[in-house]
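The figures here come from the full heavy-atom set of this structure, side chains too, leaving out hydrogens, waters and symmetry mates.
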Amino acid sequence: MRTGKVKFFIESKGYGFITDDETGNDIFVHATGLQAEGLSEGTRVSYVEEEGRKGKVAADVAVIED
């Protein structure tokens with residue numbers, strides 16, 4: 001499992017990006033990869049990195065409770 005922070009998530013369009021804690025790289029996240037409803041900027045999440053049609057995507061995205 002990787003961890004990161006939500007850079008942004010556009011609820012109406014169903015996608016956004018997560019900034020990975022370890023690498024600092026941004027990874028695409030689609031609403032179909034979420035375990036919970038919606039994400040907001042700055043939310044800490046865990047996720048699995050998978051290969052998508054156009055590159056790396058986040059899957060099994062879950063909010064990390066502090």
Side-chain angles (χ1 to χ4, degrees):
M1 278 270 165
R2 303 190 69 85
T3 59
K5 261 188 198 174
V6 177
K7 185 172 186 176
F8 70 86
F9 189 80
I10 303 169
E11 192 75 36
S12 62
K13 301 217 183 236
Y15 72 88
F17 284 88
I18 295 170
T19 302
D20 186 84
D21 284 339
E22 189 175 315
T23 66
N25 294 334
D26 292 340
I27 185 165
F28 180 80
V29 59
H30 190 268
T32 58
L34 304 180
Q35 290 183 0
E37 291 292 317
L39 295 176
S40 57
E41 184 178 334
T43 302
R44 299 229 347 101
V45 295
S46 64
Y47 67 95
V48 176
E49 191 176 278
E50 294 183 348
E51 194 64 38
R53 292 185 304 169
K54 295 183 178 181
K56 305 260 186 230
V57 297
D60 296 325
V61 179
V63 173
I64 298 174
E65 301 295 332
D66 289 329

Open item on the list: Please report the interatomic distance CD1(I27) to CZ(F17), rounded to the nearest 0.5 Å.
Closed with: 9.5 Å
TODO: Evaluate side-chain contact (heavy atoms from CB on, under 4.5 Å) for T3 paired with M1, printing each intermediate quantity in order.
DONE: CA-CA 7 Å; T3 59; M1 278 270 165; 5.9 Å; no
Task: Sole candidate of R44, R2, K5 that passes salt bridge (charged side-chain N to carboxylate O under 4.0 Å, His left out) when paired with D20 - done: R2
Task: Greater than 12 external heavy atoms within 6.0 Å of E51's CD - done: yes
Task: CZ on F28 to CD on E49, rounded to 0.5 Å - done: 14.0 Å
Open item on the list: Nearest 0.5 angstrom please: F9 CZ to T43 OG1, how far?
Closed with: 11.0 Å
Task: L39 with I64, same ILVMFWY side-chain cluster at under 4.5 Å - done: no
- [ ] Please check if L34 and V57 belong to a single hydrophobic cluster, counting links between Ile, Leu, Val, Met, Phe, Trp and Tyr side chain heavy atoms closer than 4.5 Å.
- [x] no
Open item on the list: Using side-chain heavy atoms (C-beta onward) and a distance below 4.5 Å, is Y47 in contact with V29?
Closed with: no
